[in-house]
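As the structure lists them, so they are numbered: ligands from 1, and atoms in each ligand from 1.
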Amino acid sequence: MKIEKTKLEGCFIIQPQVFTDSRGYFFESFNQQKFELATGANGYFVQDNQSASTYGVVRGLHFQKGEFAQAKLVRVIEGRVLDIAVDLRAGSKTFGQWVGIELTGENNWQFYIPRGFAHGFSVLSETAVFAYKCDNEYHKEAESGIRYDDPTLNIDWGIPAKDMVISEKDAIQPYFKP
Ligand SMILES: Cc1cn([C@H]2C[C@H](O)[C@@H](COP(=O)(O)OP(=O)(O)O[C@H]3O[C@H](C)C(=O)[C@H](O)[C@H]3O)O2)c(=O)[nH]c1=O
């Protein structure tokens, strides 16, 4: 497993060791002890999620508020996505900054996003299957978000606006409050 820091403290790119042979491949998609040793982060997750999307879908930017905030360990099982994390941690020197990581079913990279971030992704391939672990359960009442096209954040989703497929919920998210 290789760990790469990002410009947002606490956000890590994780490159698993992939074993290939004439049958195909194998890799440990999660190992709590190795994860905690490599990142220093809490490796206790309580919920796994999976979603499938077609090209142009943008899901996000989402987060859960307060005590229900979630850290996420995200990966792509099939396809290609541009995964975005936005630093919303009060007092963070990178508050309001974002980072985008291309996750694919080929590179098998994972992206760890601590609590205090908004998260979203855009689908760059025809289809994509996205899977992630959360360290806090879903609490609909604590859901919040930021407009994917917020002019202050000015996120480059890697796809033209004309191609974007947005949920009704995401189309009416509030603007970022610096
Ligand atoms: C997140 C979630 C949703 N749901 C239900 C609620 C809706 O009836 C349905 C679809 O939910 P939503 O449209 O919020 O799904 P996404 O747009 O993929 O939301 C996710 O997208 C971004 C990328 C995230 O990081 C969050 O984990 C999450 O907000 O699943 C549940 O039952 N449990 C859950 O944990």
*Go through ligand 1 atom by atom and flag the ones less than 4.0 Å from a non-hydrogen atom of Q47.*
34 (C), 35 (O)
*What protein heavy atom is closest to atom 15 (O) of ligand 1, reported as residue, atom name and distance in Å?*
R59 NH1, 3.9 Å
*Test item: protein heavy atom less than 4.0 Å from atom 7 (C) of ligand 1*: no
*Scan the protein's non-hydrogen atoms and note whether one is under 4.0 Å from atom 33 (N) of ligand 1.*
yes
_Please state which option from Y138, F117, F130, F63 has its nearest heavy atom closest to atom 2 (C) of ligand 1._
Y138
*Within a distance under 4.0 Å of any heavy atom of H119, pick out the atoms of ligand 1 and give their elements.*
23 (C), 24 (C), 25 (O)
*What do you reckon, are the aromatic ring centroids of F45 and F35 less than 6.0 Å apart?*
yes
_K169: numbered ligand 1 atoms lying under 4.0 Å from its heavy atoms_ = 12 (P), 14 (O)
*Has K72 got any heavy atom lying under 4.0 angstrom from an atom of ligand 1?*
yes
_Side chain to side chain, Y148 and Q173, heavy atoms closer than 4.5 Å_ = no
*Between K169 and E143, is there a side-chain N and carboxylate O pair less than 4.0 Å apart?*
yes
_Please list the nearest protein heavy atom to atom 29 (O) of ligand 1 with its residue and the distance rounded to 0.1 Å._
H62 ND1, 2.6 Å
_Verdict with reasoning, T152 to Y175, per side-chain contact (heavy atoms from CB on, under 4.5 Å)_ = CA-CA 8 Å; T152 307; Y175 284 101; over 6 Å; no
*Does CZ in F27 sit with more than 12 non-hydrogen atoms of other residues, nucleotides or ligands closer than 6.0 Å?*
yes
_Any Q70 heavy atom less than 4.0 Å to ligand 1_ = no
*Could you tell me whether atom 20 (C) of ligand 1 has at least one protein heavy atom nearer than 4.0 Å?*
yes
*L153 versus L61: any side-chain heavy-atom pair under 4.5 Å?*
yes
*May I ask whether Y132 places a heavy atom under 4.0 Å from ligand 1?*
yes
_Apply ring-ring contact (aromatic ring centres under 6.0 Å, His included) to residues F176 and F95 and explain how you reach the verdict._
CA-CA 11 Å; F176 173 59; F95 177 80; 5.6 Å; yes
*Measure up the H119 and F121 rings against each other and bin them: parallel (under 30°), tilted (30 to 60°), perpendicular (over 60°).*
tilted
*Could you tell me which atoms of ligand 1, counted from 1 in the order shown, lie closer than 4.0 angstrom to a heavy atom of N49?*
35 (O)
*Do S29 and Q110 have side-chain heavy atoms sitting under 4.5 Å apart?*
yes
*Find all atoms of ligand 1 within a distance of less than 4.0 Å from any non-hydrogen atom belonging to F121, and give their numbers and elements.*
23 (C)
